[in-house]
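One structure is given here, and the rest of the page talks about it.
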Amino acid sequence: MRKPGIGVNLCAHPDDTGMEYDPQELEERWRERWAETGRYEADPADAASDDDPTFITVPYPYPSGGMHIGHARTYTVPDVYARYRRQQGDNVLFPIAWHVTGTPIIGAVERLKKGEEKQLSVLRDTYDVPEDTLTDLETPMGFARYFIEQHYKQGMQSLGLSVDWRREFTTNDERYSKFITWQYETLRDRGLLEKGLHPVKYCTNEKQPVTTHDILEGEEAEFQEYTLVRFGHGDTVVPMATLRPETVRGVTNAYIAPDADYVYADVDGEQWFVSAAAVEKLQLQAHDVTVERRVSGAELVGERVTNPITGDDVLVLPADFVDPENATGVVMSVPAHSPDDYVALQEAKADDARMAEYGIDPADVDAIEPVPILSVEGYGEVPAQSAVEEAGITDSADPALEKATKDLYNKEFHAGRLNDDYGEFAGELVEDVRTRFRDAHRDEGAFGTMQEFSEDVVCRCGGDVVVAEQDTWFLRYNDEAWKQKAHRVVSEMDAIPENTRGEYDHTIDWLNEWPCIRNYGLGTRLPWDDDFVIEPLSDSTVYMAYYTIAHRLQDVPVDELDREFFDALFYGADAVDDAPDRALELREEWDYWYPVDYRFSANDLISNHLTFYLFHHAELFDRPQWPQGIVIMGMGLLEGEKMSSSKGHVVLPGKAIEEYGADTVRFFLLNSAEPWQDYDWRDDQVASVKNQLERFWNRADERIEAGAPDERPELEQEDRWLLSKLQQTVRDVTEAMEASETRSASQAAFYNFEEQLRWYRRRTETERPAARWTLQHVLETRLRLLAPFVPFLTNELHERLTGTPAEDAPWPDVDEEFEDDAVEASEAQIERLTEDIKGIQQSLANAEEDVPEADPDRIRITVAADWKRDVFHTVVEEGGNQGAVMGTVMQDPDLRERGNAVNDLVGELVDFVRGREESEVAALSELDEFAAYEAATAFLSREFDADVVLQLEGEDTDATKHAIPLRPAIELEADE
RNA sequence: GCGGGGGUGGCUGAGCCAGGCCAAAGGCGGCGGACUUAAGAUCCGCUCUCGUAGGAGUUCAUGGGUUCGAAUCCCAUCCCCCGCACCA
């Protein structure tokens, strides 16, 4: 497979020790090899007979634009897990497909066809679409196809994702639609779909529903449900819109814009008085409305209207702050609880002339007093009054008024308790009772409902967007039995990280009916009504099942893919009268792969897609086919900021790979944070990863060139130490991979082990045969551990080393033969001794005056005397209990004689033993300290360029420092 | 407001679940050295404060508490980020 270039290179430079790290060249070679051999195509037949296959999925990409580096990580994390499981011997399926359902692609095409600047710049500048290709993008599927092929697929292949490409499909494919049709017919039969009214965004100009993408202004607008309090004026209903229906008992008057247009209209057989602007909205919200008479607001001003709850008559006052465009254009005034209303009332009272102008007796206005209906801590009896007075607000133009109003609303909502007039609702918190209160009065006919946006919304066509009520089909996620089943899936699956489990449960509880169809868009038509399309979040709930058969379904004629076919496929031969053989054949594939072992997905999808996924699996499939696990992934930032394709603030995978190589990109994405944590793509960091990989490559290359004995030579302590550390690394990496902790795993295999190697190289002669054997063994193991992360580089090196690519070599096991606590303890002591000497040296070198010992000629190391060692053993036996140790030790007359010295020593040793692992303490207490240091004298001598004198305390020593076990006395000495 | 996550040394970012080996990994940046004609790359050392011997002091948002011992556990407070839908 090697390209001629390499061979030539080697021959032309026979002196070169090996190969330069050239990621572009070597990665391309492996890509070709994988494609040619179909390396990642997975079939049931590939499995060892008793094997449990692994099926992992990731949300299929939505190609309404190009792929950026954030997407790259989304797909690389599962790839690493897939590669890991393969090395563990599993038959692994990792498929991908394309989600095109809905309106975003259509919207993008529309904007392109209109020649919108912004859209053109995204396509040309951000995604480098060639000028002459732009016309291909003018159909929805043409657009999708371009980004699928030129961006996603290419990006994924460049990254080396181990995808089975035979199974790709789009959600607009006719076979897929048959599958969705089956799903929705089944759900309807089971009573989980329901027809009803639902608020949608509706453009009054285009006369059709619009999506967020069609909106020019007010994208953030929320639906607000106003309660209409049906005040009466003779036989006429005067519906007053409020967001606080519970304040109805505190209404003292009403307000109308006197100069605005109002109408008397027949609404569902009643006569209503509302603003002219409200007419169309009411019509759109499923009311029959016929305008009878147009009037100005002044018509009702000065009249009295009747509160449907209290029966009180209240005066209608003129007010310019009333917006006739909002809701019904008639509002009720609750001056005790709304600072706005309170101030407005004060101003009305002060303006006798204006009142008189509308034929209102100023005395009647003066008589209006706030009526408190709830009490809230921290405010006076009339909360609005205290709020206004405290803030020093005197007129309605004061900007502080808005804040005062908002604060009081909030406070009253969470802490206000309704007064005794509220009967069954009295004494309760507004927060707890508002909905119940509203519903109760709505049911008895005193209240109505109207939907309105929280701000003005304007369509891209320039038309006003309003709320319309439309007939639609809902998925009944509010169904109790269904919720229970979904909870059960959650309780039985693996939630990674574990703290997301509660979020699923929370979402399940909170989900309501979900409107699952739209008026237009790509995708599957509602089977029983062609006018509607099943929306994207609803056609993507069980598609993982489709992967298991997608490639083989191509051979089945579309019209055979009916209800029976899929019933037989998913539920077996007994589920239908006459099961098609084809379906039963495919059933084996489905049976083999399902369930999904892990789904890797984004954290913001918990609140919709992922929970839908759980709901639908819970309902449509049996328990053994339920999702086994979900791994949540964090968000990506670019140089500390959110990525945004419209601002051009993105990195494209193709460019990054060109610059750094796919292995570097992968390694950075997986090693900079755990999958569920947010990560930050920073160029300097990525460049540094490339350097590290290159250094790794160079070292490995030298190792391979240097060769090693076939037979294992006699190993030195240092070799045994390194091999022991290697076993711990294998253990750590494996454990981390099992928990999908890609960062911990790669950190342990790569960086942490580099630290060990650093000590090893410093400590020992690496050209010894035993060292070469050791290093080669270490390299081979590490290549396997790193293979899931950097497959190109490790495959190449491992193949050169052993003849087999790393990905085809089994995952390393811990080799107990090489686990050696004694050697680790001994080596740790030497390392510590080295550090201590260095510390002393440093301290002396820092001195203001010159201290000759800072550059010693001789280092005297004195190992603690045997009796101290005995005391240490006692400390170990007594488990670090100082009192018990002293008791035991003092029975020895020799020690008793030493009194205080023994006490001090025990204190230090107890301190040392506490907090250390028992196994470590055990190994240390077994250690022959003197022998350990003796074996390291040559090393120390070399390290400090000084003679090393090792002695035992109490011989003929004149050590001035005290030695204690495991802490020998150190003296630096300089000749005059 | 509700739900979730977080505040660590110049920056970034581990550690916290299972308290002690934590003055606290790694990376970046900075300083010094080796190599080099030189630069880069690479390698080695240093990078909270004080200190002429492996030490001491003060740190992990703030304030309390538990403990022989707290970055880690508990309580309170302040601040930051994300989601809250019918949209992928």
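Letters A, B, ... are given to chains in the order of the sequence lines, protein chains preceding strands, and every chain is numbered from 1.
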Would you mind telling me which of B:G54, B:G45, B:G83 lies closest to the side-chain atoms of A:Ile970?
-> B:G54
What does A:Ser843 touch in the nucleic acid at a heavy-atom separation under 4.0 angstrom: a base, only the sugar-phosphate, or nothing?
-> base
Hey, is A:Glu412 close enough to A:Arg244 for a salt bridge, meaning N to O under 4.0 Å?
-> yes
Which part of the nucleic acid does A:Gln677 contact within heavy-atom distance under 4.0 Å: base, sugar-phosphate only, or nothing?
-> sugar-phosphate
Check whether the side chains of A:Glu535 and A:Ser538 place a donor and an acceptor atom closer than 3.5 Å, and report yes or no.
-> yes
For A:Arg501, which contact category applies under a 4.0 Å heavy-atom criterion: base, sugar-phosphate, or nothing?
-> nothing
Counter-base of B:G83, judged by Watson-Crick or G-U geometry with both distances under 3.5 Å = B:C2
A:Glu827/A:Arg763 ion pair, N-O < 4.0 Å | yes
How is A:Leu537 classified with respect to the nucleic acid when contacts are heavy atoms under 4.0 Å: base, sugar-phosphate, or nothing?
-> base
Would you kindly say whether A:Tyr751 and A:Gln692 are connected by a side-chain donor-acceptor distance under 3.5 Å?
-> no
Interatomic distance where NZ belongs to A:Lys690 and C1' belongs to B:A41 [whole Å] = 13 Å
Have a look at A:Pro968 and say if it touches a base, only the backbone sugar-phosphate, or nothing, with a 4.0 Å heavy-atom cut-off.
-> base
Euclidean distance for C1', B:G30 against B:C87 (whole angstrom) | 48 Å
Gap between atoms CG and P, on A:Leu844 and B:A53 respectively (whole Å) = 7 Å
Base partner of B:C46, which must satisfy Watson-Crick or wobble distances under 3.5 Å = B:G30
salt_bridge(A:Arg476, A:Glu513) N-O dist < 4.0 Å = no
Scan A:Arg832 against the nucleic acid and name what it touches under 4.0 Å (heavy atoms): base, sugar-phosphate only, or nothing.
-> nothing
To the nearest Å, how far apart are A:Asn512 CG and B:C84 C1'?
-> 14 Å
Touch class at under 4.0 angstrom, heavy-atom based, for A:Leu972 against every strand present = base
Whole-Å distance between B:G26 C1' and A:Gln756 CD?
-> 13 Å
Would you say A:Arg967 reaches B:G55's phosphate, i.e. side-chain N/O to OP1/OP2 under 4.0 Å?
-> yes
Are there more than 12 heavy atoms of other residues, nucleotides or ligands under 6.0 Å from atom CD of A:Glu735?
-> no
Taking for each residue the nucleotide of RNA chain B bearing the nearest heavy atom, is the 5' side occupied by A:Gln842 or by A:His198?
-> A:Gln842
Tell me: CD of A:Glu943 to C1' of B:G45, nearest whole Å?
-> 11 Å
Proximity to the side chain of A:Arg743 - top-ranked nucleotide from B:A53, B:A14, B:C28 | B:A14
Under 4.0 Å between any heavy atoms, over every strand shown, what does A:Ile606 touch: base, sugar-phosphate, or nothing? Just pick one.
-> nothing
Looking only at atom C1', what distance separates B:U12 and B:A25, rounded to whole Å?
-> 13 Å
Please work out if A:Glu835 contacts a base, only the sugar-phosphate, or nothing of the nucleic acid, heavy-atom cut-off 4.0 Å.
-> nothing
Between A:Phe612 and A:Tyr477, is the gap from one ring center to the other below 6.0 Å?
-> yes
Counting any heavy atom closer than 4.0 Å, what does A:Pro515 reach on the DNA or RNA strands: base, sugar-phosphate only, or nothing?
-> base
Within a reach of under 6.0 Å around CG of A:Asp509, are more than 12 heavy atoms found that belong to other residues, nucleotides or ligands?
-> yes
Kindly point out which of B:G83, B:G54, B:A53 is positioned nearest to the side chain of A:Glu971?
-> B:A53
Letter per nucleotide, 5' to 3', of nucleotides 1-6 of chain B [B base touched, S only sugar-phosphate touched, - untouched; heavy atoms, 4.0 Å] | S-SSS-
Would you call A:Arg743-A:Glu674 a salt bridge at under 4.0 Å N-O?
-> no
Please figure out whether A:Ala673 or A:Leu511 has its closest RNA chain B nucleotide nearer the 5' end.
-> A:Ala673
Could you measure between the two P atoms, the one in B:G6 and the one in B:A85, and give it in whole Å?
-> 24 Å
For the side chain of A:Trp514, counting heavy atoms from C-beta on, which of B:G26, B:G13, B:C87 is nearest?
-> B:C87
Taking the same atom, P, in B:G13 and in B:A61, what whole-Å distance lies between them?
-> 15 Å
Whole-Å distance, A:Leu693 CG to B:U42 P, equals 13 Å
Under-4.0 Å salt bridge between A:Arg858 and A:Glu971 = no
Using atom CG of A:Asp836 as one end and atom P of B:A53 as the other, report the distance to the nearest whole Å.
-> 14 Å
A:Asp683 CG to B:U12 P, in whole Å, measures 18 Å
